[in-house]
Amino acid sequence: MLSYILRRLLATIPVLVIVAVLVFLMLRLTPGDPAAVIAGDNATTEQIALIRNRLGLDQPILAQFAIWAGNLLQGNLGESFFFKKPIGELIMGRVEPTLSLAFATMLIAVCVAIPLGVLAAYKHGSWIDRIVMGFSVLGFSVPVFVIGYALIYIFAITLGWFPVQGYQPLSGGFGGFLQRLVLPAVTLSVIYIALIARMTRASVLEVLSEDYIRTARAKGQVERKILFRHALKNAAVPIVTVVGIGIALLIGGVVVTESVFAIPGLGRLTVDAVLARDYPTIQAVILLFSGVYVGINLLIDLAYSLFDPRIRY
Amino acid sequence: MMSRWTIVAAAAALLAGSSLAQAQTTLKVVMHSDVKIVDPIWTTAYIVRNHGYMIYDTLFALDGKGEIKPQMVDGFTESPDKLTYKFTLRDGLLWHDGKPVTAEDCVASIKRWGAKDPIGLKLMTFVDSMSADDAKSFTIKLKSPTGLLLFGLAKPSSNVPFMMPKRVAETDPNTQISEFIGSGPFVLKTDEWKPGDKIVYTKFKDYKPRAEPASGLAGGKVAKLDRVEWLAVADQQQAVNALLAGEIDMIEQPAYDLIPLLKDDKSITLTNYNPLGLQYTMRPNHTQKPFDNPKVRQALFYALNQKDFLDATVGNPEYYKICKSLFVCGTPLASEKGMEGLLESNFEKSKALLKEAGYDGTPIVLLHSTDLQVLTNLGPVAKQLLERGGFKVDMQSSDWQTVVSRRVRKEPVDKGGWNLMQTSWVSADILNPVMTGFLNSSCDKAAFGWPCDEQMEKLRDDFARETDPAKQKAIAEAVQMRQREVVTHVHLGQYYVPIATRSNVTGILSAAAPVFWNIEKK
């Protein structure tokens, strides 16, 4: 197992190198000039050239890459062109809101979706199954910002139960932290509830037709035990995969929800950096997201062996 | 062991403390953009200018009537030949670190501003020397008289000549400063500044305001708020929801389509704080065909009209003004001289000019920004009007930053260049021929679009040298007449954006930029 983990960790290095090179090249090849953005409307060509020089953007691409990669190897992600702050510090400031939102979302999604999926599979073909699947289709189909605005209108504006927008760090008090997290987490969880419930239903349904389930029933096991101990455990591998990928997606891609609820997370940092052509910041966050994806995929693979003892590394 | 009375006294003290803490007034504001950069000389971004007004002070400022008034300066003398100016600073001016503001700080700050700002750059061509005489006074000697000195030092919009400590002001003007200490009425809380979330300012308790009442950007800058938070809320609908719910106190620039929502709520007040507003502009690229031909550029003045642009972008006539004057209507240099028959969508005249110019129907590339609501609708209106005026238009849509990056490219159109782009200016940036960046016609040294006209440059120089307001006005009219021929740009109308506040927020000053002194929250 340890050697497998080590091999997988070593395998992340070429992945991250390829990502770094690709992101660096793509940014330089797409239209955009941070110096022109900074200089503003009045700037002369000469002033823009001077800013470009100060940012090191007038150097050959290879030289720029060498400087960036050299700094990266020393653990230095560089400094944002705009914020005048180290990128490591910028990212660290955004990690808590994003992780909080991701885990709250997944917690709600898992707690709601798995029982719903199991129930739908157990009551296969019944009205319960149809309601769960109908909700699932709806959850997939309605854009997240529509759900967000609807929840805000009902629970924040009309009922006044939750704030309209904003994020409060955990250090500012658990009550406020939770109060500001509920609406965005519920908003985001809808699509994951739909996804996980469908996946759970399909997996459990497949397992329920297996011989060992019939054997368990013949032995007189109670249905709850059959469903949650035998069926769900054996159906867990695809569910774990969906949950894991969901967490990875939530860490890197909740831009709309973060914008609608004014949550200063990594998604908004990425969008702001892209719109401003803040190359060092974009490179760092994309590299971070790649690392997160690779790491979560590794954890998913390791988790398989917990649910299915036949899987060995 | 503590006695019962000690415990009661301690509890009372705690309660008093907590009520004191509650008495702290905090204004929560959603500005038009997040503050990413905090050096108002390094960039011209208006949000950075607004930040500048929070923490820095200026030597002079324009009051509510547009007159130049001393601000950090206590008094100044002008030699009879108008070549030597001696300025004395007010008593009691302090930086936020507690050190006194000195004349050397001011000289260094003027030099840094003079190396970046269009007015500053022009002014520096007149300056012979600048030196500190003692801790509180400094002298500026000119090579020849100019009306730009006091006006420049009172310049209200980007780049504003904000005063910084000498050690900060000595930073290369093309490199961002890394220390954010000013002498203005608010202090930047660097430990609480989280880009993408919020920027926080607290009242500078040792700030010494002028005795005069606040007026425009001049007068006594009395901070009546203990704390101001600018929150980064990207979604306009959410900002309005938050204002209606009382979670925030102010939106600097609510979207026009959401204003009716705010108007319907009695707890909200809309204030048009900037009577000069903003101006839409179209810029042709003078280096590329067909706009290298003045007749083709002149056809723009005939094909376009302001009302269509303003209706499509602003909509409500309450918030726009059709103004043919090149220099903003309502300001001393405003005039419609020479503008007769222009900006009225005379398509036949436009077509005739294009024919005369030999325009061959090659499509012109119009850069269209899609992500800034205030600019988005300009492109389609321009395309339609220009096509009716005889042009063929290839409107290329992208995000604003791509437009910004592309407009500085001088390459031909088929290699990533461009022909036309549209933007908007804060009117306070275009009050006269020198400060209007788009009138700079010094070819390669001009801003993107690169107009090239010796006569226009001579007129701008004449304006810079002139100190008599009546003669300045005559020169400004001559510039407008010349502009009709050269067409450095086409102005597409003035518009205004009201500030939306909760009704318990009062004291918003009428000025060229949103400022937070004098504002009270009851």
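Letters A, B, ... are given to chains in the order of the sequence lines, protein chains preceding strands, and every chain is numbered from 1.
- Heavy-atom pairs under 4.5 Å with chain B peak, among A:Ile51, A:Ile38, A:Leu50, A:Asp33, at A:Ile38.
- Neither the backbone nor the side chain of A:Ile263 comes within less than 4.5 Å of any heavy atom of chain B.
- The aromatic rings of A:Phe145 and A:Tyr149 sit perpendicular to each other, their planes meeting at more than 60°, with 30° as the lower class boundary.
- For the residue pair A:Tyr167/A:Glu258, the side-chain donor-acceptor check at 3.5 Å is not satisfied.
- Residue A:Tyr153: no heavy atom, backbone or side chain, is found under 4.5 Å from chain B.
- Counting only N and O atoms by type, the side chains of B:Asn241 and B:Gln238 include a donor and acceptor under 3.5 Å apart.
- Between chain B and the options A:Leu275, A:Asp272, A:Ile157, A:Asp278, heavy-atom pairs under 4.5 Å are most frequent for A:Leu275.
- Annotation: maximal heavy-atom pairing with chain B below 4.5 Å, among A:Glu89, A:Arg94, A:Arg277, occurs at A:Arg277.
- Residues B:Pro173 and B:Arg112 form a side-chain contact, since some pair of their non-hydrogen atoms from C-beta on lies under 4.5 Å apart.
- The candidate from B:Asp172, B:Leu231, B:Leu244, B:Val38 with the greatest count of non-hydrogen atom pairs under 4.5 Å with chain A is B:Asp172.
- With a 4.5 angstrom heavy-atom cutoff, A:Ile48 touches chain B only via side-chain atoms.
- Contact count versus chain A (heavy atoms, under 4.5 Å) is highest, among B:Asn174, B:Thr44, B:Leu121, for B:Asn174.
- Using a 3.5 Å distance cut-off with no hydrogens or angles, the side chains of B:Arg283 and B:Thr423 do not pair a donor with an acceptor.
- Contact count versus chain A (heavy atoms, under 4.5 Å) is highest, among B:Ala242, B:Gly437, B:Ala234, for B:Ala242.
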